[in-house]
Amino acid sequence: MPFQFSKQEKLKSRSIIGDLFDKGLSLKQSPLKLIYAKIDPPLEPKIQFAVAVPKKSFKGAVERNRIKRLIREAYRLNKGEFFNNIEGSYALLFLYLGKEMPTFDTIEKPLISILENLINRTNEK
RNA sequence: UUUACAGGCGGCCUUAUCGCGCUUUAUCAAAUAAAGUGAGGAAAGUCCGGACACCGAAGUGCAGUAUAGCGGGUAACGCCCGUCGCCCAUGUGUUUAAUAUGGGAAGGACAAGUGCAACAGAAAGAAUGUACGGGUAAUGCCGUAGUGAAAUCAGGUAAACUCUAUACGGUGCAACGCCAUGUAAAUCAGUGUUUGAGGGUUGCACGCCCAAAUUGAAGGGUAGGCGGAUAGAACUUAGCGGUAACGCUAAGUCUAGAUAAAUGAUAAGGAAGCUCCAUUUAUGGAGUUACAGAAUCCGGCUUAUAGCCUGUAUUAAAC
RNA sequence: CGGGAUGUGGCGCAGUCUGGUAGCGCACACGGCUGGGGGCCGUGUGGUCGCAGGUUCAAAUCCUGUCAUCCCGA
């Protein structure tokens with residue numbers, strides 16, 4: 001079941017999200033930015049995921065929803081490749097920093113490269 | 001065929017591979033499977049009106065806010081319908097008047113009081129001028145001229161204060177109820193109290209309530225979870241009443257309920273409209289297809305909007 | 001979801017309550033003082049008063065609608 005993305009995998013806790021902004025580590029690959037942190041004690045689905053698009057860049061709710069859906073889709077299709085055998089529990093938060101409407105391709109490529117970097121970092125430790 | 005106005009529809013269809021929310025069924029549960037279902041006319045702005053919920057009195061007075069011909073519709077409204085007067089445009093008529101059609105608008109009161117009117121002008125409210133003409137015994141008086149938006153009339157102005165009539169308790173689903181977690185000030189109930197600072201209660205006043213101590217009881221916050229929460233002033237069709245808004249009756253239908261927030265992604269093909277180009281005048285090629293995403297729920301208003309359909313009026317061309 | 005404020009020359013502000021002339025500082029242009037710069041002095045340019053409609057003889061000002069920006073509460 002590598003391509004599913006259910007409700008449980010969404011990062012929902014307000015306090016964890018607040019901590020991410022305070023002391024999370026970040027990886028950037030334009031137009032995306034990933035903020036992540038290792039969570040201890042581990043969460044139930046070990047990897048939890050969230051998306052955010054700033055209201056300042058995109059005023060309309062339709063555009064913001066569209067970008068969030070694209071990012072979520074790209075994450076859903078690629079997460080199995082990276083996280084199936086990972087150690088530890090992580091919270092991930094993707095931010096979209098671009099100013100123009102993306103297509104699926106312009107989302108997927110930087111997302112893959114960010115995930116590769118993330119895996120490399122966690123293995124080094 | 002052009003333009004304007006009014007009303008309606010409004011990101012289409014198929015296949016493949018993945019995927020999401022909710023409901024029901026199957027399994028002890030979890031996970032899973034199957035079936036069903038899943039954004040709008042504005043879901044938006046939050047400008048009005050309600051439903052619904054709560055408040056230690058939500059009381060009295062003042063203040064404040066809103067509305068404004070008349071009649072009707074409605075749960076209610078500042079919304080909608082009809083109508084009278086007013087204003088504008090066009091046609092007929094034409095010295096004026098009148099009349100037809102269409103459109104517009106917050107349309108009570110200035111003989112209750114207070115205020116305001118730049119510049120110009122003699123004068124803008126306790127003011128009656130100047131010139132010419134008329135008239136008279138003479139003055140008062142009458143007309144014309146000039147300034148100005150308004151000039152002799154106790155005028156104009158209330159989208160000036162104000163007055164009159166009517167309506168309004170306050171706060172809002174982040175209301176409110178419940179569950180789990182559990183340290184202290186704090187809360188609730190009973191007993192009790194003289195003075196009174198102080199505090200609370202709707203902007204103010206009155207009024208009302210609280211307040212030491214002691215006994216007893218159950219809990220509150222803590223970005224957590226559940227309920228509130230989706231069947232309703234609902235929708236569709238038919239008949240009847242009404243100029244209309246709308247109402248009544250009957251039959252049928254079930255029509256989103258998320259919560260860092262579901263309704264999507266990729267690929268291929270197709271249909272229709274519009275624009276541009278080419279020409280064998282009917283085809284080919286290219287481009288484009290809006291505004292925009294439910295968040296307690298309804299009724300309005302306002303704003304955004306490609307294209308299509310219907311109706312009315314109008315313009316031009318051809319026959 | 002609820003509440004509040006602000007839009008005026010290039011920039012920062014006053015004027016709005018109480019309607020008739022849009023003003024101040026900085027900046028800009030020209031001239032003067034100086035050998036030159038800075039500084040000071042003088043003169044000048046520059047504003048659909050966010051937008052639309054209405055009331056009025058007359059609107060930055062009053063009324064209605066609308067757009068944008070900012071702030072606050074939970």
Side-chain angles (χ1 to χ4, degrees):
Chain A
M1 47 177 192
F3 294 130
Q4 289 173 350
F5 181 66
S6 70
K7 212 169 166 179
Q8 281 74 28
E9 289 178 69
K10 288 181 193 168
L11 178 57
K12 290 183 176 182
S13 164
R14 275 177 172 261
S15 36
I16 292 178
I17 293 168
D19 287 346
L20 277 181
F21 279 109
D22 282 342
K23 45 198 168 185
L25 304 169
S26 70
L27 285 168
K28 194 174 171 185
Q29 178 73 49
S30 180
L32 290 175
K33 181 179 183 181
L34 170 67
I35 301 180
Y36 70 97
K38 187 168 184 176
I39 302 296
D40 201 38
L43 302 164
E44 183 24 50
K46 290 195 293 184
I47 305 299
Q48 294 200 357
F49 167 84
V51 195
V53 180
K55 206 172 191 175
K56 216 165 187 176
S57 308
F58 295 91
K59 255 190 99 226
V62 173
E63 290 181 312
R64 282 202 306 278
N65 274 338
R66 163 101 182 148
I67 293 169
K68 284 155 78 175
R69 284 165 180 163
L70 285 171
I71 295 175
R72 215 178 295 141
E73 186 73 6
Y75 173 76
R76 178 179 71 80
L77 292 174
N78 292 289
K79 61 168 182 161
E81 200 174 324
F82 296 102
F83 295 132
N84 271 352
N85 302 309
I86 195 166
E87 295 287 326
S89 177
Y90 288 89
L92 312 176
L93 175 66
F94 278 94
L95 289 176
Y96 184 78
L97 301 178
K99 302 289 182 195
E100 293 171 0
M101 269 308 288
T103 64
F104 184 73
D105 279 344
T106 58
I107 292 289
E108 190 177 28
K109 287 173 185 167
L111 186 128
I112 290 173
S113 96
I114 285 179
L115 290 180
E116 283 169 353
N117 286 336
L118 176 64
I119 293 299
N120 291 339
R121 280 205 194 182
T122 53
N123 289 341
E124 283 169 12
K125 288 179 184 176

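Everything quoted here is computed from the prediction, not taken from an experiment. Numbers restart at 1 for each chain; the letters A, B, ... are given by sequence-line order, proteins then strands.
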Paired with [N] by Watson-Crick or G-U wobble geometry, both distances under 3.5 Å: which nucleotide is it?
| N | answer |
| --- | --- |
| B/G221 | none |
| B/A189 | B/U215 |
| C/G47 | none |
| B/U83 | B/G69 |
| B/G203 | B/C62 |
| B/A251 | B/U236 |
| B/U32 | B/A26 |
| C/C17 | none |

Query raised in the report: Can you tell which of B/A292, B/C18, B/A260 lies closest to the side chain of A/V62?
Result: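 Looking only at side-chain atoms, A/V62 lies closest to B/A292.
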Requested in this report: Please lay out, stage by stage, how A/F94 and A/K33 fare under the test side chain to side chain contact (heavy atoms under 4.5 Å, CB included).
Outcome: CA-CA 6 Å; A/F94 278 94; A/K33 181 179 183 181; over 6 Å; no
Please state how far atom [atom1] in [X] lies from atom [atom2] in [N], giving the value in whole angstrom units.
| X | N | atom1 | atom2 | result |
| --- | --- | --- | --- | --- |
| A/R76 | B/G19 | CZ | C1' | 4 Å |
| A/K109 | B/U266 | NZ | C1' | 14 Å |
| A/N78 | B/G19 | CG | P | 14 Å |
| A/I107 | B/U266 | CD1 | P | 11 Å |
| A/I67 | B/A292 | CD1 | P | 15 Å |
| A/K68 | B/G264 | NZ | P | 15 Å |
| A/F104 | B/G19 | CZ | P | 14 Å |
| A/E63 | B/A292 | CD | P | 8 Å |

Requested in this report: Return the 5'-most residue of the pair A/N65, A/L70 with respect to RNA chain B, ranking by each residue's nearest nucleotide.
Outcome: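 Of the two residues, A/L70 wins.
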Report task. Could you say whether A/A50 or A/E73 is positioned toward the 5' end of RNA chain B, judged by the nucleotide with the nearest heavy atom to each? Result ->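 So the residue in question is A/A50.
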Query raised in the report: Could you state the interatomic distance from CD1 (A/I107) to CD1 (A/I71), rounded to the nearest 0.5 Å?
Result: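 If I round to the nearest 0.5 Å, the distance is 4.5 Å.
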Requested in this report: Find the distance between CG (A/L70) and NZ (A/K68) and round it off to the nearest 0.5 Å.
Outcome: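 Here the interatomic distance stands at 12.5 Å.
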Provide the distance between the two [atom1] atoms, one in [N] and one in [M], to the nearest whole Å.
| N | M | atom1 | answer |
| --- | --- | --- | --- |
| B/A39 | B/G300 | P | 23 Å |
| B/A75 | B/A35 | C1' | 41 Å |
| B/G40 | B/C12 | P | 11 Å |
| B/U183 | B/G38 | C1' | 48 Å |

Does [N] adopt a syn or an anti glycosidic conformation, taking syn as a chi angle within 90° of 0?
| N | result |
| --- | --- |
| B/A39 | syn |
| B/U164 | anti |
| C/G44 | anti |

Looking at [N], I'd like to know if its phosphate oxygens (OP1 or OP2) sit under 4.0 Å from a side-chain N or O belonging to [X].
| X | N | answer |
| --- | --- | --- |
| A/R64 | B/A261 | no |
| A/R69 | B/G19 | no |
| A/R72 | B/A260 | no |

Query raised in the report: Would you call the rings of A/Y36 and A/Y90 parallel, tilted or perpendicular if under 30° counts as parallel and over 60° as perpendicular?
Result: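 Tilted, since the angle between the ring planes falls between 30° and 60°.
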Report task. Please report the shortest heavy-atom distance between A/R121 and A/S26, naming the atom on each side. Result ->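 Taking A/R121 first and A/S26 second, the nearest heavy atoms are NH2-O, 4.0 Å.
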Report task. Taking all non-hydrogen atoms of both residues into account, name the closest pair between A/R64 and A/V53 and its distance. Result ->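 Nearest pair, atom of A/R64 first, then A/V53: CD-O, 3.6 Å.
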**Report entry** Test side chain to side chain contact (heavy atoms under 4.5 Å, CB included) applied to A/L93 and A/L34, step by step
**Finding:** CA-CA 6 Å; A/L93 175 66; A/L34 170 67; 5.7 Å; no
